[in-house]
Structure formats: structure tokens, C-alpha cells
Amino acid sequence: MAGDSLLVKDSRTGKEITLPIIQGTDGPPVVDIAQISKQLGLFTIDPGFRSTASCQSKITFIDGDKGVLLYRGYPIDQLAEKSNFLEVCYLLARGELPNREQFLEYERIVTDHTMVHEQLLNSFKGYRRDAHPMAIMVGVVGALSAFYHDSLDIHNPRHREISEFRLIAKIPTIAAASYKYSIGQPFIYPKNELSYTENFLRMLFKVPTEKFEMSPVLIKAMDQIFILHADHEQNASTSTVRLAGSSQANPFAAISAGIGALWGPAHGGANEAVLKMLNEIGDVSHVPEYIKRAKDPNDPFRLMGFGHRVYKNYDPRATVLKQACHDVLNELGQQNSPLFKLALELERIATEDEYFVEKKLYPNVDFYSGIIQSAIGIPENMFTVIFSVARTVGWITQWSEMISGGEAIGRPRQLYTGAPRRDYVSIENRS
Ligand code: CMC
């Protein structure tokens with residue numbers, strides 16, 4: 001498609017310009033509008049970025065109509081079945097799957113960084129006990145820049161790499177500590193002989209008086225949750241990380257901003273909202289009533305875990321997690337879990353209902369992840385924290401791609417609809 005272009009004519013002046021159309025490896029081509037403001041004196045507007053590519057990227061590809069998700073070209077279902085989270089981290093950050101030696105070296109380096117500075121752990125005590133763990137995550141991840149300022153030169157590739165290792169290695173330790181703090185239990189230090197995911201689960205659940213043991217089926221399911229959430233191209237939190245990082249802020253500050261964006265129920269907070277919704281529905285017999293509410297334009301209620309800005313088909317991550325949900329519940333002898341039955345029934349009815357079919361609203365990644373995490377024993381307010389642990393590799397990889405590509409500061413323009421220029425009136429002369 002080289003040489004394709006879009007002719008744009010300004011009807012006010014009759015002036016025409018030709019904009020290049022660029023085709024990526026896959027996906028719809030994009031129109032390069034960079035010359036519009038210079039040549040026509042016009043800006044473009046697209047609130048919510050429904051038609052706008054914010055950058056070029058080589059990391060993740062989504063075909064929302066077909067329900068395809070690729071990390072560096074590899075299908076998500078293959079990675080979830082055959083790989084492990086740390087290997088996926090290597091793939092995302094380095095661009096290729098590692099050979100055995102490269103993997104072992106990567107694992108050793110990440111493992112070497114799992115502890116956090118003791119004073120950072122002390123900082124948890126400044127938070128209220130009943131703080132949401134995501135509130136703690138936003139603060140503590142940002143605070144990493146106060147502890148690891150020896151590697152904050154963002155223009156130095158080695159510094160960027162060290163920050164990547166530190167973030168991937170320390171985020172489970174911080175996430176587990178945010179939970180332990182909220183329930184008044186002592187922090188559990190990392191145990192480096194364990195895998196990344198088992199180590200995280202141990203830091204979450206172990207108490208000093210008891211031995212920690214967990215079924216490999218549950219560890220595998222959590223590892224899959226990590227893999228499936230590791231990156232998702234230019235979603236709200238990743239775009240936030242890129243925008244914050246484009247000001248040349250340090251990566252810890254940029255990722256702390258991303259954690260804030262992830263928190264909302266329209267993004268990462270949806271898995272927490274799904275479980276709340278399932279508990280509120282309570283029984284299969286109430287499903288039709290809630291489906292009716294979800295379809296009512298005057299009712300703000302939405303089926304949480306349904307619909308996606310990009311997927312207009314079954315989210316491929318939901319397919320993997322539906323199976324993982326079966327595996328985990330079987331392992332725990334909870335095949336008849338009322339929550340799972342309710343979720344299956346909700347999915348069945350919604351996917352046959354004209355409203356959902358017409359609007360192409362299918363279960364997304366959050367629909368089953370909450371049930372799995374709940375069965376493992378993870379409380380609802382930790383679901384989004386776990387999403388942030390997984391997404392950290394995506395954020396740091398996207399940030400690094402942007403910085404090494406020398407992108408300019410992100411500075412959108414606006415369509416101003418406020419008051420025209422007017423003179424200040426002193427208070428005694430105002431009506
Ligand atoms: N339940 C009922 N109706 C819905 C839903 C839903 N879950 N999602 C979208 N719709 C309707 C919406 O009312 C609108 O109808 P109309 O055209 O009549 O106004 C239409 O479908 C299009 O919705 P939209 O809000 O314009 O779509 P969007 O692309 O802006 O929003 C979404 C995507 C994910 C925010 C939305 O589908 C939603 O709120 N879903 C529930 C929350 C959720 O599960 N979020 C997790 C997303 S996946 C995790 C992640 O990647 O972070």
C-alpha cells in the first residue's frame with residue numbers, strides 16, 4: 001500500500017492537502033495527520049481516541065473483530081498454555097523468546113532484585129490500615145524513585161534496563177506488602193528459590209507460624225492471569241504511562257500514574273466490579289432482571305466484565321480464563337460454585353440476547369479472573385493490584401520503546417468551547 005494517500009479539502013478556503021496513509025504489519029492503515037495543522041491551520045478532534053493511533057509500536061497487536069491478541073507476534077493462547085510469566089516478560093521487553101541460557105540469566109537478575117529497601121517497607125506504616133491497596137500501590141511505586149535514584153537517567157539504556165528489572169522484580173513484593181499491611185499481618189520477604197508467581201503467592205498468603213503450600217494448578221492459573229494481563233497495546237493506563245513519561249519523568253513516576261489510571265472500574269477495576277455484581281445478583285433466577293437493567297438506557301447499570309473498546313468478539317483472554325476457572329474450581333472441589341454457575345448463566349443469556357449480540361458485547365478478561373482469584377483466596381480489593389503486577393512489564397516496555405524512539409512530549413490540543421475573552425470586573429461591580 002506504499003504511496004496511498006488521503007486527499008483533504010478545506011471547504012472554507014478550497015485548499016487541499018494530501019496526507020500519507022501508512023500500513024503497519026497488520027491492522028487497519030492509519031492516516032498521518034501531522035501536516036494538517038501546519039498546512040491547513042486545523043486541529044483534529046477525537047475524544048476517547050476512538051479513531052486515533054497515539055504512537056507506533058512493535059510490542060502488542062490486537063485484532064478486535066477477530067478476537068486476536070499477539071505479544072511480539074505470538075498468540076496469547078499459545079503463550080498462556082506453553083510459556084510462563086517471566087519468559088513472557090523477557091519476550092515483551094526484549095522482543096524475542098529467550099534461549100535457555102538467556103532465560104536463566106534473566107530469571108537470576110530479576111530474582112536478585114526482589115527485595116525492596118527496608119525504609120520503603122517502613123513507609124507503608126504511614127498509610128491508614130483500611131486504605132485500598134491500590135491507593136498504597138500508587139504511592140509506594142511512585143516512591144521507588146526516592147530509593148533507586150542511582151538509575152534514573154532515562155537517556156541511558158543501561159539505567160532504563162535496571163529500572164525495568166527493579167520494577168518487574170519488586171512489584172510483587174510491594175503488592176503483597178500492601179495486602180499484608182491492610183490485614184495487619186507481618187510482611188513476608190521474597191524467597192528466591194521459588195518461581196516468580198509462587199513467590200508472589202507465598203508473600204501474599206504465608207504467615208510466620210505456618211508452612212506455605214499451594215497446588216501447582218492454582219499457581220499455574222495465577223501465572224496465566226499474569227501472562228494474559230501483561231500488555232494490551234495503547235489502553236488507558238499504558239497511554240497514561242507514555243504521556244507521563246513523555247515529559248521525561250522517571251519510569252517509577254510514570255508507572256505510578258499508570259496504576260492510578262488502571263484503578264477505575266472501566267479499566268482494571270472491572271474484575272473487582274464483576275465479583276461485586278455477581279454477589280449482588282446473588283442467584284441465577286435474578287439474571288433476567290439484571291440483563292434487563294443493563295439494556296435500559298436510563299439505568300446506569302452495566303454488565304461488568306462485558307464489552308470492550310477494541311474487542312468486538314470474544315476476548316481471547318476470557319477464553320483462556322474460562323478454562324482456568326474450571327481447572328481451579330475442580331482442583332478445589334468447588335465445581336458447583338454458585339458464583340461460577342451464575343457467571344456461566346449470565347454469559348449464556350447475554351451472548352444470546354439481541355442487545356448484546358448487536359452491540360458485539362462479549363465477556364472480557366475480567367469476567368472470569370475475579371472468580372479464579374476469589375477461589376484462590378484473594379480478596380476483591382487485591383484484584384486490580386494483581387492486574388498492576390502483571391501490567392508492569394507492559395508499561396515499562398512501552399515506556400522504554402517511547403524513550404528510545406525519542407518521541408516528543410505528548411501535548412494534545414483542544415476545541416475550546418468556553419467564554420470568549422472578557423475583562424476582569426472587580427468584586428464590588430459584579431451583579
Ligand atoms: N453492559 C451493557 N451495555 C454496554 C456495556 C455493558 N457492559 N458495555 C457497553 N454497552 C453499551 C453502551 O451502553 C453503548 O450503548 P449505546 O450505543 O446504546 O449508547 C454501547 O454498548 C457502546 O458502549 P461504549 O461505552 O460506547 O463502548 P466503549 O468502547 O466506550 O466502552 C467499556 C468499553 C469496556 C468501557 C464498556 O464496554 C464497559 O463499561 N464495560 C463494563 C466494564 C468492563 O468490563 N471493563 C473492563 C474492560 S476490559 C479490561 C481492560 O482492558 O482494562
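Starting from 1, each residue takes its place in the sequence as its number. Counting starts at 1 for both ligands and their atoms, in listed order. The model shown is predicted, which means the values in this text are computed figures rather than measured ones. The analysis underlying the following values was restricted to heavy atoms, covering all of them including side chains, and did not include hydrogens, waters or symmetry mates.
Protein heavy atom closest to atom 1 (N) of ligand 1, with residue, atom name and distance, is Leu303 N, 3.1 Å. Atom 2 (C) of ligand 1 has its closest protein heavy atom at Ala294 O, 3.6 Å. Counting protein heavy atoms only, atom 38 (C) of ligand 1 is closest to Arg302 NH1, 3.3 Å. Here the protein heavy atom with the shortest distance to atom 4 (C) of ligand 1 is Leu361 CD1, 3.5 Å. Summary of contacts: the protein heavy atom closest to atom 34 (C) of ligand 1 is Gly307 O, 3.7 Å. The protein non-hydrogen atom at the shortest distance from atom 51 (O) of ligand 1 is His308 NE2, 3.2 Å. For atom 52 (O) of ligand 1, the closest non-hydrogen atom on the protein side is His267 ND1, 2.5 Å.
In this structure, His149 has its ring center at least 6.0 angstrom away from the ring center of His159. Ring centroid separation for the pair Tyr362 and Phe356 does not come in under the 6.0 Å cut-off.
Under 4.0 Å from ligand 1, the heavy atoms of Arg50 that appear belong solely to its side chain.
Those atoms of ligand 1 with a heavy atom of Asp366 less than 4.0 angstrom away are 46 (C), 48 (S), 49 (C). The atoms of ligand 1 that sit less than 4.0 Å from any heavy atom of Ala270 are 43 (C), 44 (O), 45 (N), 46 (C). Listed by number with element, the atoms of ligand 1 under 4.0 angstrom from any heavy atom of Gly305 are 43 (C), 44 (O). Below 4.0 Å from some heavy atom of Ala266 lie the following atoms of ligand 1, by number and element: 45 (N), 46 (C), 47 (C).
Residues Arg202 and Ile188 have side chains in contact (heavy-atom distance under 4.5 Å, counting atoms from C-beta outward).
Using a non-hydrogen distance threshold of 4.0 Å, Lys295 does not register as a contact of ligand 1. Heavy atoms of Phe367 stay at 4.0 angstrom or farther from ligand 1.
Taking a cutoff of 4.0 Å between a charged side-chain nitrogen and a carboxylate oxygen, Arg293 and Glu289 do not qualify as a salt bridge. Here Glu272 pairs with Lys276 in a salt bridge; the nearest charged N to carboxylate O distance falls below 4.0 Å.
Of the N or O atoms in Phe306, one or more lie within a sub-3.5 Å distance of an N or O in ligand 1. Note: an N/O pair closer than 3.5 Å links Lys359 and ligand 1 by distance alone. Of the polar atoms of Met304, none of the N or O atoms is found under 3.5 Å from an N or O of ligand 1, judged by distance alone. At a 3.5 angstrom cut-off on N or O pairs, Asn364 counts as close to ligand 1.
In this structure, Phe340 and His326 have perpendicular ring planes: the angle between them is above 60°, well past the 30° mark. Aromatic ring pairs are classed by plane angle as parallel below 30°, tilted from 30° to 60° and perpendicular above 60°; the pair Tyr179 and Phe205 is perpendicular.
Among Phe301, Tyr290, Tyr355, Tyr362, the residue whose heavy atom lies closest to atom 3 (N) of ligand 1 is Tyr355. Within the set Arg309, Glu358, His232, the minimum heavy-atom distance to atom 28 (P) of ligand 1 is found for Arg309.
At most 12 non-hydrogen atoms from other residues, nucleotides or ligands lie less than 6.0 angstrom from CZ of Arg128. Counting heavy-atom neighbours within 6.0 Å of Phe301 CZ, excluding the residue itself, gives a total above 12. In the displayed structure, Gln78 atom CD is contacted under 6.0 Å by more than 12 heavy atoms of other residues, nucleotides or ligands.
Shown here, atom 19 (O) of ligand 1 is out of close reach of the protein: none of its heavy atoms lies under 4.0 Å off. Distance remark: protein heavy atom not present below 4.0 angstrom from atom 22 (C) of ligand 1.
A side-chain donor from one of Glu347 and Tyr368 sits under 3.5 Å from a side-chain acceptor of the other. Side-chain contact, Asp46 with Thr52: a donor N or O sits under 3.5 Å from an acceptor N or O.
The salt bridge (Lys or Arg N to Asp or Glu O under 4.0 Å) test with Glu401 singles out one residue from Arg160, Arg242, Arg94, Lys58, and that residue is Arg242.
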